2 protein chains.
Amino acid sequence: MFSKACEYGIRAVLFIAKQSQKDLRPNITEISKAIDSPEPFTAKVCQQLARAGILLSKKGPNGGFYLEKDSTLKLAEIVATIDGDNIFKGCGLGLRECSSEHPCPVHDQFMVVRNGLKKMCENTLVMELAANLEEGETFLKV
Amino acid sequence: MFSKACEYGIRAVLFIAKQSQKDLRPNITEISKAIDSPEPFTAKVCQQLARAGILLSKKGPNGGFYLEKDSTLKLAEIVATIDGDNIFKGCGLGLRECSSEHPCPVHDQFMVVRNGLKKMCENTLVMELAANLEEGETFLKV
DNA sequence: TTATTCAAGGACAAATCTGTCTTAAAAAAA
DNA sequence: TTTTTTTAAGACAGATTTGTCCTTGAATAA
Ligand code: FES
Ligand code: FES
């Protein structure tokens with residue numbers, strides 16, 4: 001479904017969001033421990049998200065990655081930045097483009113599923129997911 | 001969503017199904033022309049499906065790939081053979097396994113989408129999709 | 001000012017996915 | 001039997017994804 005980079009990216013952002021709510025600014029070592037991911041690869045992904053303006057970063061002692069406490073970041077922005085929007089727009093059978101004028105055999109059924117995924121990513125706030133994480137109701141590793 | 005191999009695989013099977021309804025047995029050249037895919041790569045995929053018993057094949061002059069006319073093959077079998085069933089069972093954020101006892105932050109929402117995809121693949125008959133194809137209502141290339 | 005701590009960036013390596021080529025083997029037709 | 005047509009199979013090559021390593025430069029603290 002999502003690429004590894006995207007999976008790590010979402011998990012990293014959720015952890016960073018949780019820490020940001022406590023005014024903490026985790027560094028890459030802390031992040032990759034918390035989400036159980038390869039550290040240098042995770043660093044790449046976080047850098048990419050920071051370049052895209054999705055994460056904020058601060059260098060130097062006590063630096064790290066963080067989010068504004070009142071961020072309205074949604075899952076969809078993370079996914080689109082890392083994996084592009086083919087997953088939200090592309091044809092399920094790989095035709096050059098998905099359109100009801102030139103539909104593939106599964107177009108009607110696939111649109112329903114794909115739009116469900118899209119809506120889910122567009123409606124889900126990172127800060128809300130991070131709150132459940134804080135309650136210990138959900139997990140980022142194992 | 002699906003791998004390239006799986007996209008080609010589904011399109012190939014749908015074309016083969018359509019031809020089988022007309023008692024034809026297309027060979028690899030005809031198949032890859034009909035679905036606009038790289039011929040040797042498509043051959044690999046069709047061989048894999050034939051080994052798995054999903055497609056039938058016949059060597060020699062006038063040979064090719066085919067399906068029984070009354071086949072009840074469903075999309076899910078093609079997908080599981082080529083891409084495995086992680087897409088139907090795996091965690092959206094890449095945790096080792098998806099379970100409501102140890103859910104990731106998007107578990108509840110993701111389950112809905114993933115089950116939608118699963119149901120779609122399990123309920124869709126290849127022969128029915130091939131019939132629409134025959135009517136010229138849907139397309140396998142461009 | 002200097003040393004330390006950190007993100008940023010780029011070069012590299014391994015693994016997987018995608019795609020190609022060649023040869024073998026089966027089956028039918030000549 | 002011989003030739004032709006076809007799938008089957010495996011070795012190979014390129015591209016992409018995943019993962020590692022090392023250097024640079026920014027920011028802070030001492
Ligand atoms: S054309 Fe294939 S999903 Fe729309
Ligand atoms: S645990 Fe992640 S989707 Fe179920």
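Bear in mind that the values here come from a model prediction, so they are computed numbers and not experimental data. Heavy atoms only: backbone and side chains are in, while hydrogens, waters and symmetry mates are out. So that the names make sense, note that chain A is the first sequence line, chain B the second, and so on, each numbered from 1.
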| query | Do any N or O atoms from the side chain of R114(B) and from the backbone of K89(B) form a donor-acceptor pair under 3.5 angstrom? | reply | yes
Atom CG of D83(A) and atom P of dT16(D) are separated, to the nearest Å, by 15 Å
Within residues 2-17 of chain A, those residues having any heavy atom closer than 4.0 Å to DNA chain D are S3(A), K4(A), A5(A), Y8(A)
Between C46(B) and L55(B), does a side chain to side chain contact (heavy atoms under 4.5 Å, CB included) hold up when you go through it step by step? CA-CA 7 Å; C46(B) 288; L55(B) 283 178; 4.2 Å; yes
Contact class for P38(A) vs. all strands (heavy atom < 4.0 Å): base, sugar-phosphate, or nothing?
sugar-phosphate
| query | Using the ring of each side chain (for Trp, its six-membered ring), is F139(A) parallel, tilted or perpendicular to H102(B), with breaks at 30° and 60°? | reply | parallel
Rounding to 0.5 Å, atoms NZ (K4(B)) and CZ (F2(B)) come to a distance of 12.5 Å
Paired with I82(A), the side chain to side chain contact (heavy atoms under 4.5 Å, CB included) test is passed by just one of I10(A), L49(A), I54(A), namely L49(A)
The first and last nucleotides of DNA chain C lying within contact of chain B, meaning any atom under 4.0 Å from one of its heavy atoms, run from dT18(C) to dA28(C)
Should we say atom NZ of K119(A) is surrounded by more than 12 heavy atoms from elsewhere, each under 6.0 Å from it? yes
F65(A) meets the ring-ring contact (aromatic ring centres under 6.0 Å, His included) criterion, sequence neighbours left out, with none
Given the rule in the side chain to side chain contact (heavy atoms under 4.5 Å, CB included) test, do K74(A) and T124(A) qualify, once you have shown the distances and angles that lead to the verdict?
-> CA-CA 6 Å; K74(A) 295 171 194 72; T124(A) 307; over 6 Å; no
Checklist line | Short side-chain to backbone donor-acceptor contact, R11(B) and L95(A), under 3.5 Å | finding: no
Identify each donor-acceptor pair in which a side-chain atom of residues 13-38 of chain B lies under 3.5 Å from a protein atom, sequence neighbours left out, and give them as a table.
{"from": "S20(B)", "atom 1": "OG", "to": "I16(B)", "atom 2": "O", "distance (Å)": "2.8"}
{"from": "S20(B)", "atom 1": "OG", "to": "L67(B)", "atom 2": "N", "distance (Å)": "3.0"}
{"from": "Q21(B)", "atom 1": "NE2", "to": "M127(B)", "atom 2": "O", "distance (Å)": "3.2"}
{"from": "D23(B)", "atom 1": "OD2", "to": "K69(B)", "atom 2": "NZ", "distance (Å)": "3.2"}
{"from": "R25(B)", "atom 1": "NE", "to": "N62(B)", "atom 2": "O", "distance (Å)": "3.2"}
{"from": "R25(B)", "atom 1": "NH2", "to": "N62(B)", "atom 2": "O", "distance (Å)": "2.9"}
{"from": "N27(B)", "atom 1": "OD1", "to": "T29(B)", "atom 2": "N", "distance (Å)": "3.1"}
{"from": "N27(B)", "atom 1": "OD1", "to": "E30(B)", "atom 2": "N", "distance (Å)": "3.0"}
{"from": "T29(B)", "atom 1": "OG1", "to": "E39(B)", "atom 2": "OE2", "distance (Å)": "3.3"}
{"from": "E30(B)", "atom 1": "OE1", "to": "N27(B)", "atom 2": "N", "distance (Å)": "2.8"}
{"from": "S32(B)", "atom 1": "OG", "to": "I28(B)", "atom 2": "O", "distance (Å)": "3.0"}
{"from": "S32(B)", "atom 1": "OG", "to": "T29(B)", "atom 2": "O", "distance (Å)": "3.4"}
{"from": "S37(B)", "atom 1": "OG", "to": "T42(B)", "atom 2": "OG1", "distance (Å)": "2.5"}

With the criterion being N/O to N/O and under 3.5 Å, what pairs connect the protein with nucleotides 7-15 of chain D, and how long is each?
{"from": "dT7(D)", "atom 1": "OP1", "to": "I28(B)", "atom 2": "N", "distance (Å)": "3.1"}
{"from": "dT7(D)", "atom 1": "O3'", "to": "S57(B)", "atom 2": "OG", "distance (Å)": "3.2"}
{"from": "dA8(D)", "atom 1": "OP1", "to": "S57(B)", "atom 2": "OG", "distance (Å)": "2.6"}
{"from": "dA8(D)", "atom 1": "N7", "to": "Q47(B)", "atom 2": "NE2", "distance (Å)": "3.4"}
{"from": "dA9(D)", "atom 1": "OP2", "to": "R51(B)", "atom 2": "NH1", "distance (Å)": "3.1"}
{"from": "dA9(D)", "atom 1": "N7", "to": "Q47(B)", "atom 2": "OE1", "distance (Å)": "3.4"}
{"from": "dG10(D)", "atom 1": "N7", "to": "K44(B)", "atom 2": "NZ", "distance (Å)": "3.1"}
{"from": "dG10(D)", "atom 1": "O6", "to": "K44(B)", "atom 2": "NZ", "distance (Å)": "3.3"}
{"from": "dA11(D)", "atom 1": "N6", "to": "K44(B)", "atom 2": "NZ", "distance (Å)": "2.9"}

Taken to the nearest 0.5 Å, the spacing of E122(B) CD from N115(B) CG works out to 9.0 Å
Computed from five pairs at either end and rounded to 10 degrees, the angle between the axes of the helix from dT1(C)-dA30(D) to dA30(C)-dT1(D) is 10°
CG (L129(A)) and NE2 (H107(B)) are apart, to the nearest 0.5 Å, by 13.5 Å
